[in-house]
Structures are given as structure tokens and as C-alpha cells.
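Presented below is the structure to which this report refers.
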Amino acid sequence: MIDLTAPTVYEKVIQEADTEQVRLVINTFRGVEYMSLRKYYLNFDEEWLPSKEGLTMPLDLENSRELFIGLVEILSLAESKSILEDNFKEILDQIYLT
């Protein structure tokens, strides 16, 4: 259950469309900080409300470290792919398109 009254420590909109957003939010609930990556929707009163779609986990060193490692790996792979495509596009096209 999402506690709408939990004090927000940090909030950032990661992705936005007309009636949906994905937000990274850090809240404190019962003395524990939680990190949430959650989809929000625009209701009929034009208020952004959290949906049930998302993930919430305690914001501790282990969770933060593992999430950071995963993001660095994803970014490294994306950068490597971009470098390979920029420098070897013709060769890669020959390999994969024939």
C-alpha cells in the first residue's frame, strides 16, 4: 500500500507522457527511508496520483549499491553499443543483414 502522507525527501520525474509519469521518489515511512520507482496517472481532477505499478524498496546501502552497479552496467553497454555502431556500422550491417 502506498502511503500518500509519507514525507517526500526526493522526487524526480523520469519519464512523462500526456496522462502518465514515471517518478523516482524517496519517502520516509515509520522512520525508514524507501525508494520508489512508480507510475503515476493524471486523474479527472488533474492531480497526479501513484498507481499500483511500480517498485518500492528500503533505501539502504546494499540496495542503492546494487541498483547503481546495474545502472552503470546498462550505461556502459549502451555506450559500447553506440561506439561500435558509430565506428563499425558497415561491417556490422554486412554481418547481420546478410
Can you give me every donor-acceptor pair (side chain of residues 64-76, partner residue at least two apart or in another chain, under 3.5 Å) with its distance?
residue	atom	partner	partner atom	Å
S64	OG	D60	O	2.9
S76	OG	V72	O	2.9

How long is the straight-line distance from [atom2] of [Y] back to [atom1] of [X], given to the nearest 0.5 Å?
X: Y40; Y: T19; atom1: OH; atom2: OG1; value: 15.5 Å
X: I14; Y: Q21; atom1: CD1; atom2: CD; value: 10.5 Å
X: M57; Y: E33; atom1: CE; atom2: CD; value: 14.0 Å
X: W48; Y: K39; atom1: CH2; atom2: NZ; value: 11.5 Å
X: F88; Y: Q94; atom1: CZ; atom2: CD; value: 13.0 Å
X: E16; Y: R23; atom1: CD; atom2: CZ; value: 8.5 Å

Quick check: do M35 and L37 have side-chain heavy atoms less than 4.5 Å from each other? no
Can you find a pair of side-chain heavy atoms, one from L77 and one from K81, that are under 4.5 Å apart? no
Would V25 end up clustered with V13 when hydrophobic side chains under 4.5 Å apart are linked, directly or stepwise?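 The answer is no; the residues belong to distinct hydrophobic clusters.
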When you group the ILVMFWY residues by side-chain heavy-atom contacts below 4.5 Å and let the links chain together, are I26 and L61 in the same group?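 Different clusters.
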Short side-chain to backbone donor-acceptor contact, S36 and R38, under 3.5 Å: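 Flag not set: sc S36 to bb R38 has no pair under 3.5 Å.
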Is D45 reaching over with its side chain to a backbone N or O of E47, donor-acceptor style, under 3.5 angstrom?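 Such a contact is absent between D45 side chain and E47 backbone.
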